[in-house]
2 protein chains.
Amino acid sequence: MNVLIVEDEKGLALEMDEFLSREGYIVEHAWKKSSAEEKIFVNQYDFILLDLGLPDGDGFEVLKQLKNLKDRDDAVIILTARSAVDDRIKGLDGGADDYLAKPFSLNELLARMHAIIRRKHKLEKNEFNIHDFVLDIQNRTVSYQNERVPLTKKEFEIFNYLVLNKNRVVSRMSLTEHVWGDILEVNSDSNFVDVHVKNLRKKLSQCAKADWFETVRSIGYRINC
Amino acid sequence: MNVLIVEDEKGLALEMDEFLSREGYIVEHAWKKSSAEEKIFVNQYDFILLDLGLPDGDGFEVLKQLKNLKDRDDAVIILTARSAVDDRIKGLDGGADDYLAKPFSLNELLARMHAIIRRKHKLEKNEFNIHDFVLDIQNRTVSYQNERVPLTKKEFEIFNYLVLNKNRVVSRMSLTEHVWGDILEVNSDSNFVDVHVKNLRKKLSQCAKADWFETVRSIGYRINC
DNA sequence: TTGACATGAAAAAACAATTCGTCATCTCTT
DNA sequence: AAGAGATGACGAATTGTTTTTTCATGTCAA
């Protein structure tokens, strides 16, 4: 999952980066309003963590720009000093999905992100249920009939992203972007996605249901349920 | 324990080196007769593994040189091609402690070395018994009243060397040479020996007997029994 | 009182285990 | 038959753990 951190305070930004990277997120940074706008224009993100007090302008304008773009589903969490938490923010009228008053704990941030995923997918808990699997977002674990399936980081991320997009074809391209980030140009003619999918499938092979984890020739993969 | 390998066949020599290093020995090499003689003149070794067919002469002469030196107790194992195993070798008249016909297995070599230690210390098994400890040379383990005491490599080597010289003062210098090899000049003013001894003592502290593991001020340590 | 040793804690290095990416080859689908 | 994907095996990179070394400080014996 891709996250854009729009925050000029480097220390905080790097802390967030490290923390979220550990959690499997692909993190990008924008240190000011202008570069944030450029990045948003070019890429889509699963989350945008938006500081309001940017050196070259109000973060709210970034949010407005985003809302002008079509077909975007980027979740926005506003980060702001407590004193700045006034109604315009609390009401979330600008279209943000949540806000977080500084200083905040990284776990709090993560919890809010999970909450957004939960909301988007209409989940009751931080879990996806698919066939007999339970994919636990919080603990980053997968179980099959209450039996833990040990997945590596990459395997979990692949499964997670496919489940997040279940019943939709996920292209290799998109999968790569969301699991590895922008390593595309460097090595394009490798089959590492295939290899990881193979390994993942093997670990998930306890579920014998036919075609639940499909290969879509020339495009990518799809999980059906 | 220090081992000198006198052997011109590099492949074999390096194999032996790797194997013996894993077993905790400090290994040096001499590739020909002349350098072997120089080394023997300068240093003492616990074992000299002596190939007879050296490029610049007969290995036996190295052995003769060694016997000319006073106060030496280096154990010599002769390595030689099977065809060369004639009476002069078998009889071990030259003063070697054992011989080994090539090709031999590294474990066979090690077993012979252990046998020599056993003989020198008049042991019945490959074990030293000291107070309630059993120091197993073969398995490189230490037990106290049949309870295994987990030691690190260095800790074991220190204990082993002190036990080998029990009731004698072992200088820091000597201890360093036998456990670490010739790192002396590089860092002399370090207290790493003391630290390891301290850690070792802690692990051996189950034995409450007074002064069995003494510090000899300004010199080194001594194990009494 | 001083030098030598002991000690605890932490940094650095070594080691082991796991994960990741590459590659050559095989299989399947069209 | 040709292109796409699957697979097994292997080396590289990463991660986590243990061991080794350094260091600052405390203690003890001469």
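First the proteins, then the strands, lettered A, B, ... as listed; each starts at 1.
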Item to complete: Provide, to the nearest angstrom, the distance between the CZ atom belonging to A:F192 and the P atom belonging to D:dA9.
Response: 23 Å
Worksheet item: Between D:dT14 atom P and A:H196 atom NE2, what is the distance in whole Å?
Response: 13 Å
Item to complete: Using a cut-off of strictly less than 4.0 Å between a heavy atom of the residue and any atom of DNA chain C, enumerate the qualifying residues of residues 147-167 of chain A by number.
Response: A:T152, A:K153, A:K154
Discussion item. To the closest 0.5 Å, what do you measure between CZ (B:R172) and CG (B:N191)?
Written reply: 9.0 Å
Discussion item. Regarding A:E124 and A:R118, does a basic nitrogen lie under 4.0 Å from an acidic carboxylate oxygen?
Written reply: no
Worksheet item: Side chain of A:R217: nearest nucleotide among D:dG3, D:dT21, D:dG5?
Response: D:dG3
Item to complete: Rounded off to whole Å, could you give me the CD1-to-C1' distance for the B:I219 and C:dA4 pair?
Response: 12 Å
Item to complete: Round to a whole Å and report the spacing from CZ of A:R201 to C1' of D:dT7.
Response: 12 Å
Worksheet, complete the sentence: By nearest-heavy-atom nucleotide on DNA chain D, the more 5' of B:N199 and A:S218 is A:S218
Practice prompt. Whole angstrom is fine here: how far is it from CZ in A:R140 over to P in C:dT19?
Written response: 13 Å
Fill in: Salt bridge present between B:R112 and B:E108 (N-O < 4.0 angstrom)
yes
Discussion item. Looking at B:W180, I'd like to know whether one of its side-chain N or O atoms comes within less than 4.0 Å of OP1 or OP2 on D:dT21.
Written reply: yes
Worksheet item: Just to confirm, is there a sub-4.0 Å distance from OP1 or OP2 of C:dC23 to any side-chain nitrogen or oxygen of A:S190?
Response: no
Worksheet item: Quick one: on DNA chain D, does A:Y221 or A:R22 contact a more 5' nucleotide (nearest heavy atom)?
Response: A:Y221
Worksheet item: Parallel, tilted or perpendicular: which fits the ring planes of A:F133 and A:Y144, with parallel below 30° and perpendicular above 60°?
Response: tilted
Item to complete: Could you state the atom-to-atom distance from CZ of B:R172 to P of C:dG3 in whole Å?
Response: 16 Å
Practice prompt. Verify, without hydrogens or angle tests, whether A:S174 (side chain) and A:V170 (backbone) share a donor-acceptor contact under 3.5 angstrom.
Written response: no
Item to complete: Please determine if A:R22 and A:E18 form a salt bridge, counting it only when a charged side-chain N lies under 4.0 Å from a carboxylate O.
Response: yes
N/O contacts under 3.5 Å, protein versus nucleotides 8-10 of chain C?
unit_1, atom_1, unit_2, atom_2, d
C:dG8, N7, B:K198, NZ, 3.2

Fill in: Pair B:Q138, B:H114: side-chain N/O donor-acceptor within cut-off below 3.5 Å
yes
Fill in: Presence of salt bridge, A:E7 and A:K102, under 4.0 angstrom
yes
Worksheet item: So which of B:D97, B:D74, B:D73, B:D98 actually passes salt bridge (Lys or Arg N to Asp or Glu O under 4.0 Å) with B:K120?
Response: B:D73
Discussion item. What is the separation between atom CG on A:D194 and atom P on D:dA4, rounded to the nearest whole Å?
Written reply: 12 Å
Practice prompt. Using whole Å, report how far NZ of B:K203 lies from C1' of C:dA6.
Written response: 17 Å
